[in-house]
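Each residue takes its place number in the sequence, starting with 1. For ligands, and for the atoms within them, numbers begin at 1 and follow the listed sequence.
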Amino acid sequence: MTVLALSGGVGGAKLALGLSHVVPAADLLIVANTGDDFDHLGLSVSPDLDTLMYALAGLDNQTLGWGRRDETWSFMETLGTLGGPSWFRLGDRDLAVHVERTRRLRAGETLSQVTAGFWQALGIGPRGIPMSDDPVRTRVLSETGWLDFQDYFVGQQCKPVVRELAFHGVEHARPHPDFLAALAAPDLEAVVICPSNPFISIEPILAVPGVRDALRACNAPIIAVSPIIAGQAVKGPTAKMMQELGMIPSSAAVAARYGDLLDTIILDSGDAAEADAIDCRVLLAPTLMKTLDDKIALARLVLDAART
Ligand code: GDP
């Protein structure tokens with residue numbers, strides 16, 4: 001089974017970890033959103049790629065819900081005493097990743113080469129690639145004007161009302177060639193849209209020129225897991241954004257947003273009442289992933305859905 005998973009950070013990484021337990025490593029390709037990437041303190045930061053990397057390596061910080069486990073904060077403390085910017089927190093171990101990524105990018109490696117090197121060094125089996133090696137930067141239009149994504153997301157903790165989103169540079173971005181090759185491969189058996197934020201994690205991937213057409217042309221079923229349970233996001237601003245963009249927060253709205261791309265959407269068992277409002281096939285399952293077993297069970301269900 002060859003499986004392609006489209007993922008943002010936290011929600012996507014949970015299902016990606018489940019998939020990594022049920023799909024042979026060589027048969028799983030994870031494509032990550034890079035619209036959240038930014039330069040900070042002179043460093044290249046790739047939040048979704050790193051969230052995936054930490055989760056798949058078993059190094060994620062489950063207490064914080066982001067970043068790396070066994071983290072220490074000497075760097076941030078020292079930066080603070082010097083009057084440096086403290087709004088974006090970089091732990092000491094996490095910092096090493098950004099320093100080394102920046103060094104390699106400056107030495108001429110692509111983001112996908114750096115990512116491959118890191119994942120191999122950490123013993124991660126499946127491959128993860130950025131949606132593109134070209135820079136794409138998500139921007140948020142709020143009542144006060146356009147904001148850089150991390151200013152909105154971390155700096156202002158998603159408080160500004162979102163009017164519109166834009167993916168700066170996306171028109172010039174080329175999809176990662178292995179992403180397109182996987183979509184065109186005759187043995188592709190499933191495309192999984194992980195339970196990530198549709199607007200800021202999945203749509204930047206879909207906005208890369210050629211990606212929507214390649215998804216429509218691929219032979220494999222496209223299966224999404226809804227990130228909304230009982231009208232609410234498990235974490236983060238997905239439901240708030242839906243409201244601000246004029247939708248009723250629901251899995252039905254997620255399905256409508258992905259539109260005719262979807263063959264199947266998996267909703268949480270408690271949301272059965274929404275099924276009638278959805279055009280594609282709907283499956284019901286427990287979709288809240290708290291434990292590794294939850295992640296594996298949902299991954300199995302997604303693969304079963306692809307086979308039937
Ligand atoms: P980010 O890039 O770190 O914001 O992460 P994602 O976009 O990948 O994930 C955020 C989304 O994941 C939110 O909409 C959450 O509702 C969703 N999410 C997080 N955990 C779970 C879960 O266990 N089950 C489901 N169904 N969705 C989840």
Enquirer: So how far is it from Phe149 CZ to Leu165 CG, rounded to the nearest 0.5 Å?
Expert: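 Spacing of CZ (Phe149) from CG (Leu165) equals 8.5 Å.
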
Enquirer: Can you report which non-hydrogen protein atom sits closest to atom 14 (O) of ligand 1, along with the distance?
Expert: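 The answer is Thr238 OG1, 2.5 Å.
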
Enquirer: Got the closest protein heavy atom to atom 11 (C) of ligand 1, with its distance?
Expert: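 Of every protein heavy atom, Pro195 O, 3.5 Å lies nearest to atom 11 (C) of ligand 1.
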
Enquirer: Would you name the heavy atoms of Leu188 and Ala220 that are closest together and state the gap between them?
Expert: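 So the minimum-distance heavy-atom pair works out to O-CB, 3.4 Å.
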
Enquirer: Does this structure show an ion pair linking Arg216 with Asp260, if we count only N-O contacts that are shorter than 4.0 Å?
Expert: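 Looking at Asp260 together with Arg216, the answer is yes, because their closest N to O distance falls below 4.0 Å.
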
Enquirer: Which atoms of ligand 1 sit under 4.0 Å from any heavy atom of Leu288?
Expert: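 This gives 23 (O), 24 (N) as the contact atoms.
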
Enquirer: Can you pull out the closest protein heavy atom to atom 4 (O) of ligand 1? Residue, atom name and distance to 0.1 Å, please.
Expert: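 The protein heavy atom lying closest is Phe153 CZ, 3.9 Å.
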
Enquirer: Quick test: of every protein heavy atom, which one is nearest to atom 20 (N) of ligand 1, and how far off is it to 0.1 Å?
Expert: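 Here the closest protein heavy atom is Lys14 NZ, 2.8 Å.
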
Enquirer: Do Thr291 and Asp294 have a side chain donor and acceptor closer than 3.5 Å?
Expert: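 Present: a donor and an acceptor within the cut-off.
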
Enquirer: What pairs with Asp293 under side chain to side chain donor-acceptor pair (under 3.5 Å), at least two apart in sequence or on another chain?
Expert: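 Here no residue qualifies.
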
Enquirer: Considering only protein heavy atoms, which is closest to atom 26 (N) of ligand 1, and at what distance to one decimal place?
Expert: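 Atom 26 (N) of ligand 1 sits closest to the protein heavy atom Ser226 O, 2.9 Å.
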
Enquirer: Of all the atoms in ligand 1, which lie at a distance below 4.0 Å from a heavy atom belonging to Ala233?
Expert: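 Listed by number with element: 16 (O).
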
Enquirer: Please work out, at 4.0 Å between heavy atoms, whether the side chain, the backbone, both, or neither of Ile228 comes within that distance of ligand 1.
Expert: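 Neither part.
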
Enquirer: Give a yes/no on ligand 1: does Gly236 have at least one heavy atom closer than 4.0 angstrom to it?
Expert: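 The answer is no, since Gly236 has no heavy atom less than 4.0 Å from ligand 1.
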
Enquirer: With a 3.5 Å cut-off and no angle check, do the side chains of Ser226 and Ser251 form a donor-acceptor pair?
Expert: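 Side-chain D/A pair, Ser226 to Ser251: present.
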
Enquirer: Thr51: heavy atom below 4.0 Å from ligand 1, yes or no?
Expert: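 Contact check Thr51 vs ligand 1: negative.
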
Enquirer: Classify the contact between Ser201 and ligand 1 as side chain, backbone, both or neither, using a heavy-atom distance cut-off of under 4.0 Å.
Expert: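 Side chain only.
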
Enquirer: What protein heavy atom is closest to atom 8 (O) of ligand 1, reported as residue, atom name and distance in Å?
Expert: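 Sorting protein heavy atoms by distance from atom 8 (O) of ligand 1 puts Ser196 OG, 2.7 Å first.
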
Enquirer: How close does the nearest protein non-hydrogen atom get to atom 23 (O) of ligand 1, and which residue and atom is it?
Expert: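 Sorting protein heavy atoms by distance from atom 23 (O) of ligand 1 puts Met289 N, 2.8 Å first.
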
Enquirer: Return a yes/no value for Gly11: is any of its N or O atoms, backbone included, closer than 3.5 angstrom to an N or O of ligand 1?
Expert: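 Yes - when backbone and side-chain N and O of Gly11 are compared with those of ligand 1, one distance drops under 3.5 Å.
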
Enquirer: If we ignore angles and hydrogens, is there a donor and acceptor under 3.5 Å between the side chains of Ser74 and Thr72?
Expert: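 Note: Ser74 and Thr72 side chains miss the donor-acceptor criterion.
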
Enquirer: Name the orientation class of the two ring planes belonging to Phe38 and Phe88 (parallel below 30°, tilted from 30 to 60°, perpendicular beyond 60°).
Expert: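 Aromatic pair Phe38/Phe88 classed perpendicular.
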
Enquirer: Starting from atom 25 (C) of ligand 1, what is the nearest protein heavy atom, named by residue and atom, and what distance separates them?
Expert: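 Minimum-distance protein heavy atom for atom 25 (C) of ligand 1 reads Thr287 O, 3.4 Å.
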
Enquirer: Decide, yes or no, whether a salt bridge links Asp148 with Arg139 under the criterion of side-chain N to carboxylate O below 4.0 Å.
Expert: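 Arg139 and Asp148: salt-bridged.
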
